[in-house]
There are 2 protein chains.
Amino acid sequence: MDKHDLFQQFVAFTTTLHEMTHTLTQHVKLDQITTLQYKILEYIQVSQAVTATEISDCLHMSLPNTSRELRKLQEKKLIDKIGDPEDRRKQVIRLTPTGQKLMDEAFSCIEEQFLQFIQHASPQDVAAISQALTVLEQHFFSARKY
Amino acid sequence: MDKHDLFQQFVAFTTTLHEMTHTLTQHVKLDQITTLQYKILEYIQVSQAVTATEISDCLHMSLPNTSRELRKLQEKKLIDKIGDPEDRRKQVIRLTPTGQKLMDEAFSCIEEQFLQFIQHASPQDVAAISQALTVLEQHFFSARKY
DNA sequence: TCCATTACTTATCATTTGATAACAAAATAA
DNA sequence: TTATTTTGTTATCAAATGATAAGTAATGGA
């Protein structure tokens, strides 16, 4: 197994995982927000306190477009913008209780699907999967630093 | 490690992999096609011979929209449609030499980035990553059958 | 103080994508 | 044969997204 073969395997795996992600998320009903807006909420939830610029950088979208989507999310009462007293140009973005509730519901729906997906996995299987994920996380995360 | 913890780990891993995929593909310059069209070409390349209905099903898009994108790709001379003599309603979609060349170039660009990504990986690391990918593929693929 | 930079907003435009209706041709079932 | 299903197309329409110009306010450096 050389690095070229590993690349081939990696591509195939990515396709499988992408398909799996689609299956896991397809039952989440998000009538009020778009996929992009969901990704933004997801990022805010994971990062807890973020600025518009950080969202813009991490989700690879322009600041004007980020600003527009954040305004829409604020209009839907899903996020709050709080002025940063340290630097009054900045605005800290947080989920509102409503936004948090929406994300909690989405995640529990996804988790339910995930559990169905691995319902036949034994404790040994779970340990093996976790170990595999750890290996990949370590290698990919450490590689990102270069 | 119970299944709930595994889910948390899975979500974190998915985020990392998504970010990695973006990094790998960001240097591919596709001035002539959109992301969706690239995904269609990718699917055709992997599957070799497919119909519009198969693309529609696997990429989760409606048949009219699939038909429209295939027409655009045909206009760009990247794919061919060949009538199926067995069933004259069907059309087999294939990459043209130009389309194949475009995909080959894209993939070699992505592979180049991938190799940079794992440039510090030893043969032992490569084996460990491959083993981890195999474990996940097996579990996720077998889970999909249920 | 003055100037450049940063953080963010508003406005506008083109393009992409998703959804749906209506249609035609071929295959299949009744 | 007739009806139904399958495969694919064209034509619209609305919505989402991406890109860019222009502007405001705050910060920080010279």
Side-chain angles (χ1 to χ4, degrees), chain A residues 18 21-22 25-44 47 49-76 78-94 102, chain B residues 18 21-22 25-44 47 49-76 78-94 102:
Chain A
H18 190 269
T21 302
H22 182 269
T25 55
Q26 70 184 342
H27 293 294
V28 181
K29 51 169 169 44
L30 299 168
D31 18 317
Q32 38 181 344
I33 58 170
T34 68
T35 306
L36 182 63
Q37 287 166 1
Y38 173 78
K39 282 182 191 160
I40 293 173
L41 291 180
E42 198 177 57
Y43 181 72
I44 297 170
S47 311
V50 284
T51 65
T53 302
E54 285 172 328
I55 294 172
S56 166
D57 288 343
C58 292
L59 299 189
H60 313 290
M61 47 195 293
S62 72
L63 198 51
N65 290 337
T66 304
S67 178
R68 175 183 58 196
E69 297 309 319
L70 289 177
R71 179 177 47 74
K72 289 179 188 169
L73 287 171
Q74 192 176 26
E75 281 165 7
K76 293 176 206 279
L78 297 174
I79 63 165
D80 270 332
K81 297 178 187 175
I82 299 148
D84 182 346
E86 303 276 315
D87 184 339
R88 293 194 303 169
R89 292 170 304 180
K90 293 187 184 175
Q91 304 230 320
V92 175
I93 316 287
R94 288 188 325 184
L102 184 143
Chain B
H18 189 269
T21 303
H22 181 270
T25 54
Q26 71 185 344
H27 293 293
V28 181
K29 52 171 168 44
L30 299 167
D31 19 316
Q32 39 181 344
I33 59 170
T34 68
T35 306
L36 182 63
Q37 286 166 1
Y38 172 79
K39 282 182 191 160
I40 292 172
L41 292 180
E42 197 177 56
Y43 181 72
I44 296 169
S47 311
V50 285
T51 65
T53 301
E54 285 171 328
I55 294 172
S56 166
D57 289 342
C58 292
L59 299 188
H60 314 289
M61 47 194 293
S62 72
L63 197 51
N65 290 337
T66 304
S67 179
R68 175 183 58 196
E69 297 307 319
L70 289 177
R71 178 175 47 73
K72 289 179 188 170
L73 287 170
Q74 192 175 27
E75 281 164 8
K76 293 178 207 278
L78 297 174
I79 63 165
D80 270 333
K81 297 178 188 176
I82 300 147
D84 182 348
E86 303 275 316
D87 183 339
R88 293 195 302 168
R89 293 170 303 180
K90 293 186 183 175
Q91 303 228 322
V92 175
I93 315 288
R94 288 189 325 183
L102 184 143

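Note on naming: letters A, B, ... go to the chains in the order of the sequence lines (proteins, then strands), and numbering restarts at 1 for each one.
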C/dG18 base / B/R68 side chain donor-acceptor hit below 3.5 Å | yes
Distance in angstrom units between A/L63 CG and C/dA11 P, rounded = 16 Å
Per the side-chain contact (heavy atoms from CB on, under 4.5 Å) rule, which among B/L73, B/L30, B/L36 passes with B/L41?
-> B/L73
Name the residue closer to the 5' end of DNA chain D, choosing between A/Q37 and A/D84 according to the nucleotide with the nearest heavy atom.
-> A/Q37
Nearest whole angstrom, please: distance from the P of D/dT10 to the NZ of B/K81.
-> 7 Å
Choosing from C/dT17, D/dT10, D/dT17, which nucleotide comes nearest the side chain of A/E69?
-> D/dT17
Over how many whole Å does the gap from B/K39 atom NZ to C/dT16 atom P extend?
-> 15 Å
Quick one: A/E75 CD to D/dA16 P, roughly how many Å, whole number?
-> 13 Å
Would you say the side chain of A/D87 and the base of C/dA7 hold a donor-acceptor pair, judged only by whether the two atoms sit under 3.5 Å apart?
-> no
Sorted by position of nearest nucleotide on DNA chain D, 5' first, the leading residue of A/E86 and A/K72 is A/K72
Report yes if at least one side-chain N or O of A/T34 is closer than 4.0 Å to OP1 or OP2 of D/dT17; otherwise report no.
-> yes
Salt-bridged, B/K29 to B/D31, with N to O below 4.0 Å?
-> no
Quick check: does any side chain N or O of B/K81 sit under 3.5 Å from a backbone N or O of B/V92, one acting as donor and the other as acceptor?
-> no
note: B/R89, atom CZ; D/dT7, atom P; distance rounded to Å ~ 6 Å
Tell me what A/T51 touches on the nucleic acid: a base, only sugar-phosphate, or nothing, going by heavy atoms under 4.0 Å.
-> sugar-phosphate
Any ion pair linking A/K72 and A/E75 (charged N to carboxylate O, less than 4.0 Å)?
-> no
Separation of D/dG18 C1' from A/L36 CG (nearest whole Å) | 10 Å
Atom CG of A/L59 to atom C1' of D/dT17: distance rounded to whole Å?
-> 14 Å
Side-chain (B/E69) to main-chain (B/T66) donor-acceptor, under 3.5 angstrom = no
Using only side-chain N and O atoms of B/T53, determine if any of them is under 4.0 Å from OP1 or OP2 of D/dT6.
-> no
Does A/K90 put a side-chain nitrogen or oxygen below 4.0 Å from OP1 or OP2 of D/dA25?
-> no
Find the distance B/E54:CD to D/dT6:P and express it as a whole number of Å.
-> 15 Å
